[in-house]
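What's counted below: heavy atoms across the whole structure, side chains too, no hydrogens, waters or symmetry copies.
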Amino acid sequence: MNLQLYDKQRQKILDGLTGITGRVESIRLYLKNIEAVKRFSCATWTSRQHVIAAISSGRHTGFAESILSVNCPEAGLEPWRDAAACLLGLDAGQAVLENRRHQGEWPEQLVEMLEMALVDLCGKCKGVPANHLLGLTEGKPVCGVHVILSDRLEEVAESAHWARQAKKAEYIKVKLFGEVGLDCDVIRTVRQICPPEETYLIGDVNCGYGPDPSKSGSLEWISQQLKQLHKAGLDACEDPAFLQIPEWVELQKEVMPLMLIPDYPMRGSRDSIRKICRGMGGIYNIHPDSAGSIIDAVVLARRIRELGADLMIGDDSLVGPSASIWQQLAFGLGARWVEATEKRAESDFYYRCVRHLATDSTHNPISIQLENGFGIDLDEVRLSREADCAVEVTP
């Protein structure tokens, strides 16, 4: 692996951003508490605390979004407000570099959100699409994934029916729970509605099949479970268990033609590029809010292609501007699909604040028209009313 090649690619992007002027005059953070139950094999979410950042220079504003916390409705914006203060007064391009200087010090999702907002701002200040600033000058139509988060079969069936009727069933992802009987029932329920010729079906176990002390986390046992999932109708499985890199490679050989999708080994992008190898899966996941940087994610995507694998863009239950940003990145990176799309009901508050978007995820493939920056324009007066809390970053 030629790490210098990837370092050069990263530096080329940063060099192009560095000289972009436009003084960061103000930064606002908006907190929205979203109450929605999401069940996983590892935990249950009852609420998520989303933050939308707005960074302004003159008449231009860059937007992005991140999740501050899960199941902590009392969480406050003060730590993130204090951290972002060091960006005030810098030119937009220099602020990108200053933000990256705090990688490993600030939370990954904070660095990622501020970088996205700053790249959006840089594109608007320069009058070019943000994708072009990232070296993504072409694009490939990309479909959004419809995600079903339930262990209740009637809810699974309703959601699958909705996806098919809405013509959003090309790719469906179901959360699985590490119990092979239940997981096969979930898969079969979707398959009764969405046949293989119409729907590529992905399952995410969140490492629910291991390690299991009673099974010693054996690859043989995990392989047996995955083969049952494939027989039930599953096409690809994300993070079946906590695995070492060589175990990923061996397990993928054992469960073919079921495609494995590494996710946890891909976090964050600047580190995983030095660890991943060929054969860990057929599709590799770059995960929003855990990538740590969209610049590093672009470089990581090149590494994935060189490994001969497909790329997907995941999600962190995003509901607002970052969903649109990752859709544009998926388009520019030639991803097979993108999971980060606006959500039924949960994105309603956000859509009420939207003046303009460069993307439309209400149908597949997602409609994308690259504009200056990431083409996001929000009504902040309305956003301040919709949010549960808003703070201005001060020096």
Side-chain angles (χ1 to χ4, degrees), residues 40-41 140-151 153 156-157 159-164 166-209 219 222-241 243 248-266 279-287 304-305 307-315 330 334-341 364-366:
F40 307 94
S41 65
K140 176 184 175 183
V142 63
C143 288
V145 176
H146 176 67
V147 180
I148 302 175
L149 293 168
S150 181
D151 55 358
L153 299 185
V156 173
S159 193
H161 275 298
W162 180 88
R164 195 174 188 200
K167 301 187 184 303
K168 298 186 71 173
E170 289 90 341
Y171 294 92
I172 289 181
K173 176 175 173 179
V174 290
K175 282 295 179 180
L176 302 179
F177 303 92
E179 301 173 20
V180 72
L182 171 61
D183 292 347
C184 285
D185 285 343
V186 169
I187 293 164
R188 293 191 190 102
T189 298
V190 175
R191 279 297 183 218
Q192 290 171 0
I193 300 160
C194 302
E197 60 270 20
E198 296 181 8
T199 299
Y200 191 87
L201 185 57
I202 308 128
D204 186 356
V205 195
N206 290 111
C207 301
Y209 283 114
L219 285 184
I222 297 168
S223 174
Q224 291 171 355
Q225 312 313 302
L226 296 186
K227 288 176 181 178
Q228 291 186 63
L229 302 185
H230 178 62
K231 186 177 180 180
L234 195 67
D235 292 309
C237 186
E238 184 177 341
D239 281 345
L243 301 169
W248 275 100
V249 176
E250 183 60 30
L251 185 61
Q252 177 62 92
K253 293 177 183 176
E254 290 292 323
V255 301
M256 286 289 289
L258 179 73
M259 291 288 107
L260 296 185
I261 305 176
D263 173 6
Y264 284 109
M266 309 299 294
M280 292 173 62
I283 307 158
Y284 290 60
N285 182 15
I286 293 180
H287 194 287
I304 292 169
R305 294 297 189 201
L307 295 176
D310 280 342
L311 163 70
M312 65 162 280
I313 298 298
D315 192 16
R336 189 163 175 185
W337 66 76
V338 55
E339 188 181 332
T341 60
N364 279 329
I366 295 171

Measure the spacing between [atom1] of [X] and [atom2] of [Y] and express it to the nearest 0.5 Å.
X: L251; Y: L226; atom1: CG; atom2: CG; value: 5.5 Å
X: D263; Y: M312; atom1: CG; atom2: CE; value: 7.0 Å
X: L234; Y: L176; atom1: CG; atom2: CG; value: 6.5 Å
X: C237; Y: L260; atom1: SG; atom2: CG; value: 7.0 Å
X: L219; Y: L243; atom1: CG; atom2: CG; value: 6.5 Å
X: D239; Y: M266; atom1: CG; atom2: CE; value: 10.5 Å

Item to check | CA sep, side-chain torsions, deciding dist, call: K227, Q224, side chain to side chain contact (heavy atoms under 4.5 Å, CB included) | outcome: CA-CA 5 Å; K227 288 176 181 178; Q224 291 171 355; 5.9 Å; no
Can any side-chain N or O of [X] pair as donor or acceptor with the backbone N or O of [Y] at less than 3.5 Å?
X: H287; Y: D315; value: yes
X: N206; Y: G208; value: no
X: Q252; Y: G282; value: yes
X: H146; Y: S159; value: yes
X: N364; Y: C143; value: no

Item to check | Sequence-distant partners of E238, side chain to side chain donor-acceptor pair (under 3.5 Å), two or more places apart | outcome: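 Residues passing side chain to side chain donor-acceptor pair (under 3.5 Å) with E238: K173, N285.
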Item to check | Cation-aromatic face contact R336/Y171, 6.0 Å, 45 degrees | outcome: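 Pair R336/Y171 does not count as cation-pi.
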Looking at [X] and [Y], what are the two nearest heavy atoms and their distance?
X: I313; Y: A330; value: CG1-CB, 3.7 Å
X: K168; Y: W162; value: CD-CH2, 4.0 Å
X: Y209; Y: V180; value: OH-CA, 3.3 Å
X: A335; Y: V142; value: O-CG2, 3.7 Å
X: P365; Y: P141; value: CB-CB, 4.2 Å
X: W248; Y: M280; value: CE3-O, 3.3 Å

Please list every donor-acceptor pair under 3.5 Å in which a side-chain atom of residues 187-196 meets a protein atom from a residue at least two apart or in another chain.
from, atom 1, to, atom 2, distance (Å)
T189, OG1, D185, O, 2.7
R191, NE, G233, O, 2.9
R191, NH1, C194, O, 3.1
R191, NH1, T199, O, 3.0
R191, NH2, T199, O, 3.3
R191, NH2, G233, O, 3.0
R191, NH2, D235, OD2, 2.8

Next on the checklist: Using the rule given for side chain to side chain contact (heavy atoms under 4.5 Å, CB included), can you reason through L229 versus Q225, listing the C-alpha separation, both sets of side-chain angles and the distance that settles it, and then say yes or no?
Outcome noted: CA-CA 7 Å; L229 302 185; Q225 312 313 302; 5.6 Å; no
Next on the checklist: Apply side chain to side chain contact (heavy atoms under 4.5 Å, CB included) to residues C184 and Q228 and explain how you reach the verdict.
Outcome noted: CA-CA 7 Å; C184 285; Q228 291 186 63; 4.3 Å; yes
